[in-house]
Trainee: 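Pasting a structure here, questions to come.
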Amino acid sequence: MEQRPKKKRKDKTKVVFSGPTKEYICLTCPNCCSLVTDGVQVDGAQCEKGRAFACQEWLEPLRVITTTVRVETERGTHILPVKTAQPVPLAQVSTIIKEIKSLHLPEVPPLGAKISVREGPEPVEIMVTGE
Amino acid sequence: MGIRHYDLIIIGGGPAGMAVGVGAASAGLKKILLLERHGKLGGILNQCIHVGFGLKVFKEELTGTEYAARYRKIFLEKEIQVCTSAFVHTLHPQKKVIFVNPLGERIVSAEKIVVATGCRERTREMLTVPGTRPAGIFTAGLAQEMVNIYGVLPGKDVVIVGSGDIGLIMARRMTLEGARVRAVFEILPHLSGLIRNKIQCLDDFGIPLYLEHEVIEIRGKNRVEAVRYRDNRTGRENEMSCDTVLFSVGLIPEKDLLVEAGIEPGKGFYLAGNADYVHDTVDRVTKEGEKLGKALAAC
């Protein structure tokens, strides 16, 4: 019989909140931890990423968006999968999608290539995720 | 022409098939052939452009396409013969594999044969949803292939039946591509997919999820015009207009090659990945596939 490693125990020290709190489900990994936070302290996270996620979600939810860009070349149409190189504000997703969709690429860029979608103080960059 | 004989033939070049190849070749097995029906290795990962893959195997969050590309690289470094655009139509109990490719039909044989043909989506017909048979009814995975590989939007006004992960992912995907996703109907009292997918695919975009709701009829003459649904808690029925219905109601392991030949797994035939059982993560498919490959090289 294969011995399953013992599950790491959750951090049982209960955080005491004084102010208002919000509840989130962590989107960092498939563990889907239930988090409670007041913007500073976080309860329920199994890892550091979860704590950072809760604080960020409190401030401004960020998401990586994925979509495709249509590249018309002499050899035909190529549907290129891309993602935002950094997580972007959820509130701006529809604007950013429009900006990504309006890109005109002359050639099919290689896997991992970064392309600027928006310059300026709040730059947005996408990364090619397919071949 | 004689029949070419191999130590191992792998049917399917998705994550499972590639992992078996990597495992076997790493453990020293020499004559390996992998048959893939598409022109490119990677399987369904190639249409999964969303993030959430590879946290265990690559220790970072990748898209399905990135996972496929990385693993393809590992796979192609191994000494494995690959035949793409090769569709296996018959297995023979005497360990023969018959496939067609653009050059015609060929027969190969092997000591060991691994079936890594993935899984299939359950369809509307399998649920026996009554109604007409208009255009506009798709499985969620087919819609995913249309949007992500071919750049074609299957419809503009969408209802999703079933709250499986592919359905949730497609709710977001269709929304980002400019379609309106009106609702996700789930017959069970709980979500089928992961809660994280409900949040980032439905809640983020204000798409409602109706639990304990059943789609009882699809209406439309040439194209889907509406669905009728019932709230199973109250029995109340209602209609929702739409031009497209996506089904995300479960996956079934694809073992037809073995079943049709009357072959039981074991005795030289093996199942890998989702053809064996439907896995939660591709990471697990990869790890189990590599393990099986190593074991096959040793015996």
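Here the structure is a predicted model, which means the values were calculated and not measured. Here is the naming used below: chain letters follow the sequence lines, and residue numbers restart at 1 for every chain.
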Trainee: Between B/I149 and A/I79, does a side-chain contact (heavy atoms from CB on, under 4.5 Å) hold up when you go through it step by step?
Mentor: CA-CA 6 Å; B/I149 306 272; A/I79 307 296; over 6 Å; no
Trainee: Pair A/M127, B/E66 - check side-chain contact (heavy atoms from CB on, under 4.5 Å), show working.
Mentor: CA-CA 11 Å; A/M127 188 193 265; B/E66 288 176 313; 4.0 Å; yes
Trainee: Out of A/C26, A/C29, A/C32, which one racks up the most heavy-atom pairs below 4.5 Å with chain B?
Mentor: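 Sorted descending by pairs with chain B, the first entry is A/C29.
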Trainee: Can you say whether A/S94 sits under 4.5 Å from chain B via the side chain, the backbone, both, or neither, judging by heavy atoms?
Mentor: neither
Trainee: Which atoms form the tightest heavy-atom contact between A/T28 and B/E61, and what is the distance?
Mentor: O-OE2, 3.9 Å
Trainee: Are any side-chain N or O atoms of A/R70 and backbone N or O atoms of B/G151, one a donor and one an acceptor, separated by less than 3.5 Å?
Mentor: yes
Trainee: Less than 4.5 Å apart, side chain to side chain, heavy atoms only: is that true for B/I199 and A/Y24?
Mentor: no
Trainee: Given a strict heavy-atom distance threshold of 4.5 Å, which part of A/I25 is in contact with chain B: side chain, backbone, both, or neither?
Mentor: both
Trainee: Examine whether an atom of B/Y150 lies under 4.5 Å from a heavy atom of chain A, and if so say whether it belongs to the side chain, the backbone or both; otherwise answer neither.
Mentor: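 Contact with chain A is through the backbone of B/Y150 alone.
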Trainee: Can you tell me how far apart NE2 (B/H50) and OG1 (A/T129) are? Round to the nearest 0.5 Å.
Mentor: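 The NE2 atom of B/H50 sits 11.5 Å away from the OG1 atom of A/T129.
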Trainee: Please evaluate residues B/K40 and A/E131 with respect to the criterion salt bridge (charged side-chain N to carboxylate O under 4.0 Å, His left out), reporting the C-alpha separation (whole Å), side-chain torsions for both, the decisive distance (0.1 Å), and the verdict.
Mentor: CA-CA 10 Å; B/K40 186 175 172 182; A/E131 295 170 307; 5.5 Å; no
Trainee: Quick one: which of B/D204, B/T175, B/L62, B/N148 has the most heavy-atom pairs under 4.5 Å with chain A, could you say?
Mentor: B/D204
Trainee: Could you measure the distance from the CD atom of B/Q200 to the CD1 atom of A/I65? Nearest 0.5 Å is fine.
Mentor: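 If I round to the nearest 0.5 Å, the distance is 12.5 Å.
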Trainee: Does a donor on one side chain and an acceptor on the other come within less than 3.5 Å for A/T67 and B/E177?
Mentor: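 Per modelled atom types, A/T67 and B/E177 side chains form a pair under 3.5 Å.
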Trainee: Rounded to the nearest 0.5 Å, how far does OG of A/S34 lie from CD1 of B/I195?
Mentor: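 OG of A/S34 is found 8.0 Å from CD1 of B/I195.
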Trainee: Using modelled atom types and a 3.5 Å cut-off, is there a donor and acceptor pairing between side-chain atoms of B/R196 and backbone atoms of A/L27?
Mentor: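 Answer holds: yes.
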Trainee: Stepwise, does the side-chain contact (heavy atoms from CB on, under 4.5 Å) test hold for B/L176 with A/T66?
Mentor: CA-CA 9 Å; B/L176 291 179; A/T66 59; 5.8 Å; no
Trainee: Assess the side chains of A/T68 and B/R173: does a donor N or O sit below 3.5 Å from an acceptor N or O?
Mentor: yes
Trainee: Taking side chain as everything from C-beta outward and backbone as N, CA, C, O, which of these in A/K98 sits under 4.5 Å from a heavy atom of chain B? Side chain, backbone, both or neither.
Mentor: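 Nothing of A/K98, per the 4.5 Å heavy-atom cut-off to chain B.
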Trainee: So for B/R172, is it side chain, backbone, both, or neither that comes closer than 4.5 Å to the heavy atoms of chain A?
Mentor: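 Neither part.
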